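See structure below.
What you are looking at is a predicted structure, and each value in this text was computed from that prediction instead of being measured. Letters A, B, ... mirror the listed sequences (proteins, then strands); counts begin at 1.
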There are 2 protein chains.
Amino acid sequence: MFPKILVVEDDQSISDLISLHLKKNNFEYLVVHNGEDALSHLDTFMPDFVILDWMIPGLSGLEVLRRIRNKQEYKNLPILMLTAKNSEQDKIISFESGLDDYITKPFLPSELIARVKAILKRTSQSNQDQENLIFNEIKINTVQKKAYRGERRLNLGPTEFNILFFLLKNKQRVFSREQILNKIWPNQVNVELRTVDVHIRRLRKELNKNEEKDIIRTVRSAGYSLDFDE
Amino acid sequence: MFPKILVVEDDQSISDLISLHLKKNNFEYLVVHNGEDALSHLDTFMPDFVILDWMIPGLSGLEVLRRIRNKQEYKNLPILMLTAKNSEQDKIISFESGLDDYITKPFLPSELIARVKAILKRTSQSNQDQENLIFNEIKINTVQKKAYRGERRLNLGPTEFNILFFLLKNKQRVFSREQILNKIWPNQVNVELRTVDVHIRRLRKELNKNEEKDIIRTVRSAGYSLDFDE
DNA sequence: TTTTTACCTTACAGATTTATAAAAAAAGGG
DNA sequence: CCCTTTTTTTATAAATCTGTAAGGTAAAAA
């Protein structure tokens with residue numbers, strides 16, 4: 001499960017350059033060419049990072065930035081901005097719209113990648129201990145790849161483990177099948193939405209083995225969430 | 001013998017907060033209010049850890065950091081820095097003066113403690129006696145190049161010995177075939193990933209000779225770990 | 001009540017991943 | 001240089017996982 005990066009860049013040659021290097025560094029990515037598309041793909045593509053050009057047709061980069069930050073669930077989504085001229089830098093800094101970093105064009109792809117990696121590392125670190133995740137009875141150790149319900153070790157396949165991990169990281173939040181698919185499966189695999197049901201079923205089976213309380217909540221016409229539904 | 005922590009912080013309210021939580025977590029600690037005092041107490045207090053504020057009167061936090069690192073005997077002393085603003089983060093990272101971690105103010109005391117513990121755990125592991133490694137029934141003497149399961153001497157080829165050593169050093173942690181290859185084999189040898197399977201197989205064969213419990217855990221789509229898998 | 005929609009459950013075939021064995025290649029020791 | 005040990009590759013078997021389809025169930029809408 002490699003990080004997913006949303007690239008907002010209208011200039012084909014630049015976006016190609018970025019894609020190339022993202023791919024080389026094992027990132028998954030989606031390129032869109034304007035701000036509207038960026039915003040509309042947020043909920044479905046579920047990026048871990050956004051590379052955003054300042055000068056794009058339609059909504060300006062800054063406007064896109066603001067709108068992303070306005071959504072509660074993307075408050076911590078790391079965003080790096082591409083700016084054309086040096087003179088723009090000051091503006092961007094002063095705006096302080098929660099930009100994580102910026103880089104001026106022309107840039108070295110290697111530097112862009114380095115920054116993306118640095119920011120991802122930094123932010124994932126600050127998102128607390130990533131090694132042990134605990135929510136009520138559910139516990140996951142990511143380096144050991146073990147999951148527990150209470151004392152009971154859960155025997156999960158890779159996909160079920162990943163889904164549990166994802167839901168646990170975002171406990172109590174509801175995700176659509178599409179969002180789950182996009183988070184868990186590699187980019188551009190074509191899998192039926194209903195497949196998620198099956199994996200949820202398998203996950204539930206193992207989670208609630210001994211007539212325990214079901215802690216995966218189905219939200220009709222919305223999706224699933226990990227939740228002790230009181 | 002609880003770990004000793006040197007706290008370098010001029011702000012009384014913050015240092016009080018830190019002390020409180022350190023005490024609650026069974027750490028021993030000494031609070032000093034400037035860099036000079038910190039340096040002069042190093043040799044006498046013999047801390048296992050330093051919490052260092054970036055903004056302190058007199059010598060800056062960074063300068064203190066440098067001077068600590070300049071002394072051979074404190075090359076591995078873990079240091080965590082407190083920084084005031086987000087904007088300082090980049091500087092700190094880029095300095096790369098051997099900082100182990102940093103945390104921005106305001107911070108949750110619980111997070112500070114969590115990080116201190118995490119770093120201590122990490123570093124104490126690496127500072128351990130590297131000559132004799134023991135995990136449950138498995139024992140390795142690296143100097144003599146001998147490995148045992150209980151009393152039984154294990155007859156291992158060089159590669160199997162190295163893999164066992166590596167897995168033992170990082171017991172319970174899952175490593176991919178690629179990681180194992182990169183750790184065990186010299187750089188840039190081109191060896192099939194599947195070769196690891198074969199060595200794991202031989203290692204297992206010798207480890208579990210007498211129908212003993214298999215202590216190498218296969219994690220599908222992830223790798224292997226040395227683990228008494230309960 | 002009936003109809004519609006969304007979700008659950010199950011079975012299965014095909015795909016993927018890992019285990020094992022055996023042979024070929026390489027490395028080391030005398 | 002020959003012999004032994006070790007390493008690597010390759011092939012096949014075994015284990016496990018995956019996605020889909022089909023039928024059942026539950027909830028909402030008509």
Side-chain angles (χ1 to χ4, degrees), chain A residues 1 145 147 153-167 174-209 211 213-227 229, chain B residues 145 147 154-167 174-209 211 213-227 229:
Chain A
M1 263 187 357
K145 302 255 183 215
R153 169 82 179 280
L154 300 175
N155 189 5
L156 302 171
T159 304
E160 283 77 41
F161 186 91
N162 289 333
I163 292 177
L164 180 61
F165 178 51
F166 171 61
L167 291 180
V174 178
F175 293 97
S176 69
R177 291 170 179 72
E178 192 176 9
Q179 289 178 314
I180 293 173
L181 264 184
N182 285 324
K183 263 297 178 195
I184 306 296
W185 274 256
N187 252 0
Q188 286 153 345
V189 281
N190 239 28
V191 175
E192 290 293 318
L193 281 183
R194 287 277 149 229
T195 300
V196 176
D197 295 30
V198 178
H199 285 284
I200 288 285
R201 153 80 176 143
R202 292 203 260 252
L203 179 53
R204 269 185 173 140
K205 206 170 188 173
E206 182 64 21
L207 274 172
N208 315 325
K209 218 168 194 172
E211 301 173 14
K213 191 164 138 208
D214 184 14
I215 59 178
I216 292 183
R217 181 165 59 109
T218 301
V219 182
R220 201 184 160 88
S221 78
Y224 299 99
S225 79
L226 190 70
D227 206 339
D229 197 7
Chain B
K145 302 262 180 208
L154 300 175
N155 187 8
L156 302 172
T159 305
E160 283 78 41
F161 184 90
N162 289 333
I163 292 177
L164 179 61
F165 177 51
F166 172 62
L167 291 180
V174 176
F175 293 97
S176 68
R177 291 170 180 73
E178 195 173 6
Q179 289 177 312
I180 293 174
L181 265 185
N182 287 329
K183 271 290 176 194
I184 305 296
W185 274 256
N187 256 358
Q188 284 153 345
V189 279
N190 239 26
V191 175
E192 290 291 320
L193 282 183
R194 288 276 142 229
T195 301
V196 175
D197 294 33
V198 180
H199 287 285
I200 289 286
R201 152 84 174 140
R202 285 202 277 263
L203 180 52
R204 268 188 174 136
K205 209 169 187 172
E206 183 63 22
L207 276 172
N208 315 326
K209 219 167 193 171
E211 299 175 14
K213 191 163 140 209
D214 185 12
I215 60 176
I216 291 183
R217 178 166 61 111
T218 301
V219 182
R220 192 176 227 259
S221 82
Y224 300 98
S225 79
L226 190 70
D227 206 338
D229 197 9

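- Judged by distance alone, the side chain of Arg204(A) and the main-chain N or O of Ile216(A) form a donor-acceptor pair under 3.5 Å.
- Leu164(A) has its side chain within reach of Leu154(A): a pair of non-hydrogen atoms, C-beta onward, lies under 4.5 Å apart.
- A 4.5 Å side-chain heavy-atom check between Lys183(B) and Asn162(B) finds every atom pair outside the cut-off.
- A distance of 11.0 Å separates CG of Asp227(A) from OG1 of Thr218(A), quoted to the nearest 0.5 Å.
- Glu160(A) contributes no side-chain N or O that, together with a main-chain N or O of Leu203(A), makes up a donor-acceptor pair within less than 3.5 Å.
- Rounded to whole Å, atom C1' of dT17(C) lies 15 Å from atom CD1 of Ile200(B).
- Here dG19(D) presents its C1' atom at 16 Å from CD1 of Ile180(A), a figure rounded to the nearest Å.
- Counting heavy atoms from C-beta on, the side chains of Val196(A) and Tyr224(A) come closer than 4.5 Å.
- The shortest distance between the side-chain N/O atoms of Arg204(A) and the OP1/OP2 oxygens of dC8(C) is below 4.0 Å.
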Please tabulate, one pair per line, each protein N/O and nucleotide N/O from nucleotides 25-30 of chain C that are separated by under 3.5 Å, including the distance.
none

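- The side-chain heavy atoms of Asn182(B) and Glu178(B), taken from C-beta on, include a pair separated by under 4.5 Å.
- Using cut-offs of 30° and 60° on the angle between ring planes, the pair Phe175(B) and Phe166(B) is tilted.
- For Ile184(A) and dC17(D), the CD1 to P distance is 16 Å, given to the nearest whole Å.
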Are any protein N/O atoms closer than 3.5 Å to N/O atoms in nucleotides 7-14 of chain D? If there are, list each pair with its distance.
| residue | atom | partner | partner atom | Å |
| --- | --- | --- | --- | --- |
| dT7(D) | OP1 | Thr159(B) | N | 3.1 |
| dT7(D) | OP1 | Thr159(B) | OG1 | 2.5 |
| dT7(D) | OP2 | Glu160(B) | OE1 | 3.4 |
| dT8(D) | OP1 | Trp185(B) | NE1 | 3.0 |
| dT8(D) | OP2 | Trp185(B) | NE1 | 3.2 |
| dT8(D) | OP2 | His199(B) | NE2 | 3.1 |
| dT9(D) | OP2 | Glu192(B) | N | 2.8 |
| dT9(D) | OP2 | Thr195(B) | OG1 | 2.8 |

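- Residue Tyr224(A) places none of its side-chain N or O atoms closer than 4.0 Å to OP1 or OP2 of dA6(C).
- Rounded to an integer number of Å, the gap from Leu203(A) CG to dT9(C) P is 13 Å.
- The interatomic distance linking Arg220(B) (CZ) with dT18(C) (P) rounds to 6 Å, in whole Å.
- Between dT5(C) and Ser221(A), no contact under 4.0 Å exists linking OP1 or OP2 to a side-chain N or O.
- Using a 4.0 Å heavy-atom cutoff across all strands shown, Val196(B) reaches no nucleic acid atom at all.
- Between Trp185(B) and Thr159(B), some side-chain heavy-atom pair lies under the 4.5 Å cut-off.
- With rounding to whole Å, Asp197(A) atom CG is found 17 Å from dA11(C) atom P.
- Between the CG atom of Asn208(A) and the P atom of dT9(C) there is a distance of 10 Å, given to the nearest Å.
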